Amino acid sequence: MENEKIRVRYAPSPTGMLHVGGVRTALFNWLFARKNGGVFIVRIEDTDLERSTEESVEQLKRSLRWIGLDWDEGPEVDGPHAPYRQTERMELYRQAAQRLLGSGAAYYDFATPEELKAFRERAQAEKRQPIYRGGEYRDMDPEQARQKIEAGEAYTVRFKTPREGQTVVEDVIRGPVTFDNANLEDFVLMKSSNTPTYNFAATVDDAEMEISHVIRGDDHLSNTPRQILIYNALGHELPAFAHVPQVLGPDKKKLSKRHGAASVEDFAAQGILPEALFNYLALLGAGYAADEEIFAPEELAERFRIDRVSGNPAVFDESKLLSINQVYIRRKSPEELSLIAAPMLAESGAATPEELERDMPRLTKIMELLKERIGRLTEIPDSVGYFYGGKLDYDEEEFEKQFGKEFVREHFPGLHERLQTLPEWTEEAIEEAVRSLAAEKEKGARHLIHPLRFATTGRTVSAGLFETMALLGRERCLLRIEDVLEKMQRLPKPVS
RNA sequence: GGCCCCAUCGUCUAGAGGCCAAGGACAUCGCCCUCUCACGGCGAAAACCCGGGUUCGAAUCCCGGUGGGGUCACCA
């Protein structure tokens with residue numbers, strides 16, 4: 001196998017959004033391919049006509065690209081094994097089924113759904129496992145079968161599973177996993193609609209596309225013996241298998257919408273950076289050394305070892321994702337962040353597009369000031385918005401708390417005066433004005449700083465007040481202070 | 001229920017028979033820095049599921065139990 005080309009694939013069914021569990025297995029495939037100079041393939045498994053949608057196909061591609069997974073073969077990029085969509089490869093499955101029928105590895109089964117149902121119910125009633133073996137059809141004379149087909153009877157094609165022996169899955173992550181063939185029934189290869197089942201289509205494709213390593217969710221582990229049986233019957237060499245564990249929610253159940261965000265698009269909408277999701281998911285259960293955690297995709301690929309992937313299911317920890325997200329936000333340059341922030345501010349109505357465009361350097365400075373305080377992109381409009389616009393809306397209760405104090409009411413006008421007459425509007429000058437007034441009145445500067453912050457930003461938390469005010473600009477600060485001065489008149493009697 | 005997988009702090013994990021009186025990260029809780037909030041620094045609390053073996057010696061190997069998960073379709 002060392003000399004063979006590494007070829008891996010991510011094969012989603014387009015029946016909904018791309019879940020984090022799915023991206024993680026896609027990620028592992030990608031990492032493995034990149035690490036070994038192999039080929040990463042995306043194949044759309046849309047044989048379930050009922051549930052597959054075009055919309056999902058688009059979403060899938062979008063999500064994969066958003067997080068930074070590019071594929072070497074697959075939809076849109078094509079490749080030597082095109083098409084990469086199962087509904088367009090039907091002929092291949094039919095031919096494979098014919099081969100299996102011809103070699104006696106498979107047979108026509110004419111049992112009706114009702115008969116099968118009855119069979120299972122009977123088994124259950126007798127507390128036996130319902131393992132269907134095709135009854136009279138398993139060894140029916142081919143000529144007789146042909147006649148039934150010509151007579152228009154519906155049929156499926158089933159695999160003739162050996163009744164004895166064992167099938168061993170040599171799993172890269174778990175080691176050998178053995179299954180007794182006696183527990184496997186004669187599974188369906190081709191449905192009565194003349195379309196393949198998942199196990200059959202996936203196996204035929206993996207064989208035809210010369211997949212060297214099947215890396216997928218461990219919910220497929222129990223399917224693997226069936227696929228191995230098919231591989232053997234087809235006379236094809238086996239790929240290596242690696243079944244990666246599921247991603248669980250905090251309640252240890254499979255992660256789903258119930259847990260809040262579960263799809264890639266959810267995380268994007270919640271202000272998570274793609275590189276952060278990538279990094280977090282790649283770390284989850286991948287068995288990397290624990291000393292460092294922030295890695296670029298290339299670094300992750302370089303260190304990735306499929307045989308190091310942990311076999312136990314991982315609980316998705318949103319707070320860790322958030323902390324990684326914060327790291328990536330901090331790593332962005334103020335320029336990059338301002339480019340992200342501008343459209344968000346425009347959309348939230350905090351600032352007009354013209355206003356933003358006129359002074360991007362200022363936005364850049366603002367982002368530089370605030371980037372350490374932003375955990376997710378979606379916080380931007382709220383924490384940046386007050387740098388734009390004029391007067392503010394104040395929370396009434398907080399307003400009373402800030403400006404009800406006698407000291408503040410007494411000296412705010414004086415503070416306004418000093419700020420208004422400052423020769424230059426710089427961080428240092430503002431700080432000097434505030435601190436000297438407080439010192440003269442023999443009070444701690446914080447007695448002025450907090451109300452000033454509230455007056456100029458409308459909030460009780462912000463970046464450093466003086467740099468914030470400098471960026472806010474003199475005109476806007478004075479306007480807001482004057483507004484507060486006026487509103488203060490309406491406050492009840494001062495308390496000391 | 002049958003079959004299969006898994007089992008170290010709350011979470012993700014390091015650990016591949018002695019280096020472990022179990023290390024790191026996130027979260028939590030203190031303290032420091034400080035105009036608030038973050039950032040940063042320092043520190044604390046916190047785990048080898050249980051029971052048997054094997055061995056001079058087990059978190060590491062074996063068996064059993066328990067717990068969690070997956071899967072049992074003409075879905076994928």
Side-chain angles (χ1 to χ4, degrees), chain A residues 11-15 45-48 50-52 86 109 111-113 116-117 120 124 127-132 154-158 169 171 173-175 177-180 182-185 187-199 201-202 217-225 243 245-246 248 250-254 280 283-294 310-324 326 330 370-375 383 431 434-435 438 444-454 457 459-466 468:
Chain A
S13 298
T15 55
E45 308 219 322
D46 56 351
T47 52
D48 185 349
E50 304 282 304
R51 298 194 300 148
S52 298
Q86 293 189 325
D109 178 40
T112 64
L116 289 170
K117 189 163 174 249
R120 300 214 154 84
Q124 201 169 17
K127 298 214 190 296
R128 282 186 295 111
Q129 290 306 308
I131 296 169
Y132 182 68
Y155 64 88
T156 58
V157 176
R158 281 184 191 267
V169 179
D171 193 279
I173 294 171
R174 294 152 213 275
V177 181
T178 82
F179 294 83
D180 284 328
N183 288 324
L184 267 27
E185 72 174 3
F187 49 94
V188 173
L189 262 20
M190 295 296 289
K191 309 177 201 176
S192 55
S193 56
N194 199 25
T195 59
T197 58
Y198 161 78
N199 274 308
D218 69 1
D219 47 338
H220 288 292
L221 183 52
S222 58
N223 277 324
T224 310
H243 289 93
Q246 313 275 344
L248 273 24
D251 57 356
K252 308 250 179 175
K253 301 277 183 220
K254 209 166 162 176
Y280 173 69
L283 247 31
L284 197 58
Y288 287 103
D291 49 352
E292 279 177 86
E293 310 214 282
I294 302 299
S310 162
N312 62 329
V315 173
F316 188 86
D317 181 5
E318 191 165 13
S319 68
K320 183 135 187 174
L321 204 215
L322 260 180
S323 90
I324 290 180
Q326 225 169 90
R330 256 181 269 141
L370 295 177
K371 68 179 201 172
E372 301 218 323
R373 289 152 232 266
I374 293 171
S383 49
E431 174 156 17
V434 174
R435 289 198 190 277
R446 67 194 147 90
H447 290 100
L448 289 175
I449 286 174
H450 294 308
L452 226 204
R453 163 179 288 115
F454 189 65
T457 69
R459 359 169 81 233
T460 55
V461 305
S462 76
L465 207 227
F466 309 117
T468 298

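Lettering of chains follows the sequences in order, A, B, ..., and the numbering in each one begins at 1. FYI, side chains are in, hydrogens and waters are out, and symmetry mates aren't considered; it's all heavy atoms of this structure. It should be emphasised that the depicted structure is a prediction, and the values quoted were computed from it without experimental measurement.
- Between the CG atom of A:Leu321 and the CZ atom of A:Phe316 there is a distance of 4.5 Å, given to the nearest 0.5 Å.
- Pairing for B:rU66 goes to B:rA7, judged as Watson-Crick or G-U wobble with the two contacts each under 3.5 Å.
- Across all strands, A:Phe179 comes closer than 4.0 Å only to sugar-phosphate atoms, never to a base (heavy-atom distances).
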*Which parts of nucleotides 66-76 of chain B does protein reach within less than 4.0 Å, heavy atoms only, written one letter per nucleotide 5' to 3' as B for base, S for sugar-phosphate only and - for none?*
---SSS-SBBB

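- A:Thr178 comes within 4.0 angstrom of the backbone, heavy atoms only, and of no base.
- A:Asp180 places no side-chain N or O within 3.5 Å of a backbone atom of A:Ala182 that could act as its donor or acceptor partner.
- Dense packing is recorded around CZ of A:Arg330, with more than 12 heavy atoms of other residues, nucleotides or ligands lying under 6.0 Å away.
- To the nearest whole angstrom, the two C1' atoms, one in B:rA25 and one in B:rC61, are 30 Å apart.
- One can place CZ of A:Arg128 at 16 Å from P of B:rC3, the figure rounded to the nearest angstrom.
- Put simply, CD1 on A:Ile173 is 14 Å from P on B:rC5, counting in whole angstrom units.
- Of all non-hydrogen atoms in A:Ala463 and A:Leu370, the two that sit nearest each other are CB-CD2, 4.1 Å.
- Using the Watson-Crick or G-U wobble rule with both distances under 3.5 Å, B:rU60 pairs with nothing in any strand shown.
- Using Watson-Crick or G-U wobble geometry with both donor-acceptor distances under 3.5 Å, B:rC31 finds its partner in B:rG41.
- Counting only distance, with no hydrogens or angles, the side chain of A:His220 and the backbone of A:Gly217 share no donor-acceptor pair below 3.5 Å.
- Side-chain contact between A:Ser13 and A:Asp48 is absent, with no heavy atoms from C-beta onward closer than 4.5 Å.
- Using modelled atom types, no side-chain atom of A:Asp171 and backbone atom of A:Val177 make a donor-acceptor pair closer than 3.5 Å.
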_Please encode protein proximity along nucleotides 27-47 of chain B as a string of B, S and -, counting only heavy-atom distances under 4.0 Å._
S-------BBBBSS-------

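- Using a 4.5 Å cut-off on side-chain heavy atoms (C-beta onward), A:Thr460 and A:His450 make no contact.
- B:rA59 and B:rC3: their C1' atoms are spaced 29 Å apart (whole Å).
- Taking atom C1' on both nucleotides, B:rA73 is separated from B:rU55 by 50 Å, rounded to a whole Å.
- Across the P atoms, B:rC62 and B:rC26 are found 34 Å apart, a figure rounded to whole Å.
- The same atom, P, is picked in B:rA44 and in B:rG23; the two are 11 Å apart, to the nearest Å.
- The same atom, C1', is picked in B:rG65 and in B:rA76; the two are 35 Å apart, to the nearest Å.
- Here B:rU54 sits opposite no nucleotide as a Watson-Crick or G-U wobble pair (both hydrogen-bonding atom distances under 3.5 Å).
- A gap of 15 Å separates the P atoms of B:rU11 and B:rC50, to the nearest Å.
- A:Leu184 has its CG atom 12 Å from the C1' atom of B:rG2, to the nearest Å.
- If you take NZ of A:Lys127 and C1' of B:rC3, they are 18 Å apart, rounded to a whole angstrom.
- Rounded to whole angstrom, the span from the NE2 atom of A:His243 across to the P atom of B:rC5 amounts to 12 Å.
- The nucleotide B:rG2 finds its pairing partner in B:rU71, both defining distances of the Watson-Crick or G-U wobble pair being shorter than 3.5 Å.
- Comparing B:rG43 with B:rG24, their P atoms are spaced 10 Å from each other, to the whole Å.
- Residues A:Thr197 and A:Asn199 bring no donor and acceptor atom of their side chains to less than 3.5 Å of each other.
- Side-chain N/O atoms of A:Tyr132 and A:Asp109 include a donor and acceptor closer than 3.5 Å.
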